[in-house]
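Proteins come first, then strands; the chains are lettered A, B, ... in the order of their sequence lines, and each starts at number 1.
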Amino acid sequence: MATLMATLKTSAQRLVTGGVSSAVKDRLQQSLAFASLIVIFAFFSFASPDFFTYSNITAILFSTVVIGTLALGTTFVIITGGIDLSIGTGMALCAVMSGVFIVNIRLPVGVGVLSAILFGGLIGLVNGFNVAVLKIPPFIATLAMMLVAQGLALVISHSTPIYFNDASGYVAISTGNLIPGVNFPNAVVILAVVAVVSAVLLKKTVLGRFAYSIGSNEEATALSGINVRKWKIIVYAFAGLFIGLAGVMISARLGSAQPATGMGYELQAIAAVVIGGTSLSGGKGSIVGTVIGALIISVLNNGLQITSIPQEWQNVILGGVILIAVYADIIRKRT
Amino acid sequence: MTTTVAGQTLTGAPLLEVEGVSKSFPGVKALSDMRLDLRRGEVLALVGENGAGKSTLMKLLSGIYTADAGQFRLNGRPFHATKPKQALELGISIIHQDFNLMPHLTVAQNIFIGREPSAGRFLLSERELNAKAKDLVARLQLPLNVKQLVGNLTVAKQQMVEIAKALSYDAKVLIMDEPTAALNYAEVATLHEVIRRFVREDTGVIYISHRIDELKAIADRITVIRDGKYVDTVDTQATSMKEVISMMVGRTLTSDARPEGVRSDREVLLSVRGLSTKSLLKDVSFELRKGEILGFAGLMGAGRTEVARALVGADKIDTGTIELRGKTVKIANPAVAAKHRIGYLSEDRKHFGLLLEQDVNANIALSSVSELSTKLGFVKDRALRAKSEEYVTSLKIKTPSINQTTKNLSGGNQQKVVMAKWLVKDCDILIFDEPTRGIDVGAKEEIYGLLNELAAQGKSIIMISSELPEVLRMSHRIVVMCEGRVTGLLDADEAAQENVMHYATLRPDENPADAPELGAEPPRPEAEPTPEQPGRGAGE
């Protein structure tokens, strides 16, 4: 038995040293996630006639937008080996700020949206400072920010929702249709564009390169002459922009900024990132994976609803999926 | 000839025998047909260069690895340990170079970890634990306070904790890997006494060491291995250490590979004056010339790595100036050092040198990504890849492609990847910290060749090494350090092993004329790298 295991091990090692590169393995994980998506999709299509319809698929995509946006930004942070727990309540705070800018101060919608997104960047900047300069572990730094953001959202809004009734065009950011007459929400188009931009930034720019390097080995990256502190701050601040964008998207969809929401979104977004094959220990991950991960979560949520599985069970199943996804990743690493 | 060897008067099988043992790893034959016999009541030294297979052999004995072929016998009976615990129960204890101690637990808790005496069903009995530990420590006559936290002890005392732990298993065979690497002379003497006390009619010690000079004092016989193969076993009394060394390296050490001397009229590139740090360094000064390989010798903990880290801004400098090309520079962090074209290649490639999970290209390109990117921050991937390809070829890095994950490369090739990273950056000053650690002998020669080539091209190299033959062979000049100070500067032609060792052990408070005698306890102030040692020697 022991010798058998040893032979297996060496032949597996030989296989690895024989030229299976990390890129191939990453693709394997992605295709694994993608295959799961297809399987889940097929399952629900058979389970319910209402699932595989144009309107339902649009609905699925539409419901992916908020989690997807948060997950895209978080992918960068997690690739550096960090984590951001403040994205959920940070999003609520940005939604409130969007309301303050557009409804209360009456800034033009475009300026207000931009300001809300930049406000998200500010949240990220503070996170980055706390993590990179003060050396507070990311989990703690962003946990604290999660509470701060939640509190500030309530304080600033006096715990009441801000409605975008008079702001013409704000709601259309999310629910409007780019091509008149074709029922395809703008929000999905925006998510798609942002995902493509993120993928390019991650793969083709210095920002992405250093995110991977820092996540792989922070010490070695620093000793290679890279200003790790600076780049960590940049990554967190950059991811913060996604918090702001998510805040705009969710408030545009609802037509109001809901200060008490947001908690829980961070975990769904992190789950999407992890299901997509990004390693929580850093150095590995992809935007395609994150998009697939976010889709898996939406498809599950939607499918479970459509097949009338009680709401209470949905999180149980989602939790199970996360365990399976991460375990698959561990198995992949062992070989 | 047999007078000193107690075991030879006994009949019967040796205490421990290793016969025909082989072990391969993917791409490397670590051991082939290895043998060794440890007699009862003796201290057997096991020597060999780095990568000779000493640690592989130890890991086989302790059950961490499984041998591909061959046999182990204890008291004539074959055994086969597949888990470290099994080896322990058989009476084979190993003390690794990097201790397996828990710094936040006490001496007693460390010694009996996993075997704590219990009070009742669920609770542990701290009192009984301490009593047992005290007993053991007293029996071994170790100067330890069992209630002290291990993290607060000196390295030497931590070693004693390891010994106590090993012997608490009623060890018959004690294997020590580089036990004196971080000890000073007085501590070495104490350690040797402890070892001698342990050796009885039915026990034996395998003593692995690089410090050839101390073998005369402790070892009865010496087994030499090289390139994973057994070379010879000799009686210590009947052999000169020179013979041992030439057996180790497989050739008589010659200086033929040593580069031509660098003329003193060469431009001084780097000049360090009065460098001190809070933790260790005191008034370190030296000059580095263009095209020079400047060796840094000294014992572990002498402060050589600290000099390198201070130079590249990884650690804070307290006082002192660094002059680069005649201009005083402030190097606040490694990013600044890289801008000044100073590259540091750490002794610990896995932690401080490489992105193991990333591919070769990402590693080679790392330092130059910022330079080889557009204003908008887009990486010029094609240019970087071309550079990577170029250096993979010119440094002869053995890898299927630049897309190969770095962790799959051998140690030598990994080292070359780190070199390539700094060469792409076009560094003028390269600081190599233990450039051949963990690299097998063939690849070592290649690294040496590259170092010489780089120096010939006009690069200035600081080479920190604990392997004396390496320092002697490679350096134009040698800086010797001891306990944070520079104690000697030798030219290539006056440098010899004895010379370097002399300076390496030259503590400022010591009279260099009388070499420390074994067993003697010269008075010494606290000068350990660890700044605080509360309660050292207290409570005993």
Side-chain angles (χ1 to χ4, degrees), chain A residues 1-7 9-27 79-81 200-231 234 238 279 281-285 333, chain B residues 24-27 66 68 82 309 312-314 333-346 348-360 362-363 365-370 372-374 376-379 381 384 399-401 403-409 418 421-422 425 427:
Chain A
M1 190 62 195
T3 45
L4 181 70
M5 287 303 286
T7 349
K9 224 175 181 176
T10 44
S11 53
Q13 272 164 344
R14 228 168 265 148
L15 198 73
V16 172
T17 44
V20 178
S21 70
S22 60
V24 174
K25 282 211 274 178
D26 284 348
R27 231 160 272 158
I79 285 175
T80 66
V200 170
L201 286 172
L202 187 59
K203 287 291 173 198
K204 302 277 181 198
T205 68
V206 177
L207 174 79
R209 280 293 172 104
F210 289 160
Y212 281 112
S213 304
I214 292 169
S216 296
N217 189 340
E218 193 173 325
E219 285 275 0
T221 305
L223 283 173
S224 297
I226 282 111
N227 193 335
V228 166
R229 195 194 276 192
K230 175 179 107 184
W231 283 103
I234 292 175
F238 173 73
S279 161
S281 47
K284 272 194 179 139
K333 265 189 210 130
Chain B
S24 295
F25 298 104
T66 314
D68 299 338
T82 53
R309 289 184 58 94
V312 298
N333 56 52
V336 178
K339 261 192 207 111
H340 287 303
R341 303 274 185 257
I342 303 174
Y344 171 57
L345 296 85
S346 168
D348 186 347
R349 287 187 293 275
K350 286 189 168 59
H351 289 117
F352 301 116
L354 290 166
L355 314 174
L356 282 176
E357 301 285 338
Q358 307 279 333
D359 62 21
V360 170
N363 273 283
L366 183 56
S367 289
S368 314
V369 167
S370 291
L372 284 170
S373 59
T374 65
L376 281 172
F378 282 88
V379 176
D381 197 46
L384 279 175
T399 172
S401 81
N403 299 324
Q404 173 71 301
T405 309
T406 314
K407 73 171 172 203
N408 294 332
L409 267 51
V418 185
K421 172 172 75 187
W422 290 116
K425 181 86 183 171
C427 281

Can you check whether A:Ser224 reaches B:Lys421 side chain to side chain, under 4.5 Å on heavy atoms? yes
Please name the pair of heavy atoms, one in B:Leu366 and one in A:Ser213, separated by the smallest distance, quoted to 0.1 Å. CD1-OG, 3.2 Å
Counting heavy-atom pairs under 4.5 angstrom with chain A, the leader among B:Gly343, B:Pro334, B:Ala338 is B:Pro334
Counting heavy-atom pairs under 4.5 Å with chain A, which one of B:Thr399, B:Val379, B:Asn333 comes out on top? B:Val379
Output the option from A:Leu207, A:Thr205, A:Asn227 having the highest count of non-hydrogen pairs under 4.5 Å with chain B. A:Thr205
Would you confirm whether B:Gln358, through its side chain, and A:Gly283, through its main-chain N or O, come within 3.5 Å as a donor-acceptor pair? yes
Which is it for A:Arg209 and B:Asp381 under the side-chain contact (heavy atoms from CB on, under 4.5 Å) test, yes or no, and what are the steps along the way? CA-CA 11 Å; A:Arg209 280 293 172 104; B:Asp381 197 46; 2.5 Å; yes
For B:Lys425, is it the side chain, the backbone, both or neither that has a heavy atom under 4.5 Å from a heavy atom of chain A? neither
If you look at every heavy atom in B:Ala314 and A:Leu223, which pair is closest and at what distance? CB-CD2, 3.8 Å
When the 4.5 angstrom heavy-atom criterion is applied to A:Phe210 and chain B, the contacting part is side chain
Over all atoms of both residues, closest heavy-atom pair of B:Glu357 and A:Lys284: OE1-NZ, 3.3 Å
Tell me whether A:Asn217 contacts the main-chain N or O of B:Lys350 through its side chain, where contact means a donor paired with an acceptor under 3.5 Å. yes
Calculate, to the nearest 0.5 Å, the distance between atoms NZ and OG1 belonging to A:Lys204 and B:Thr374 respectively. 12.0 Å
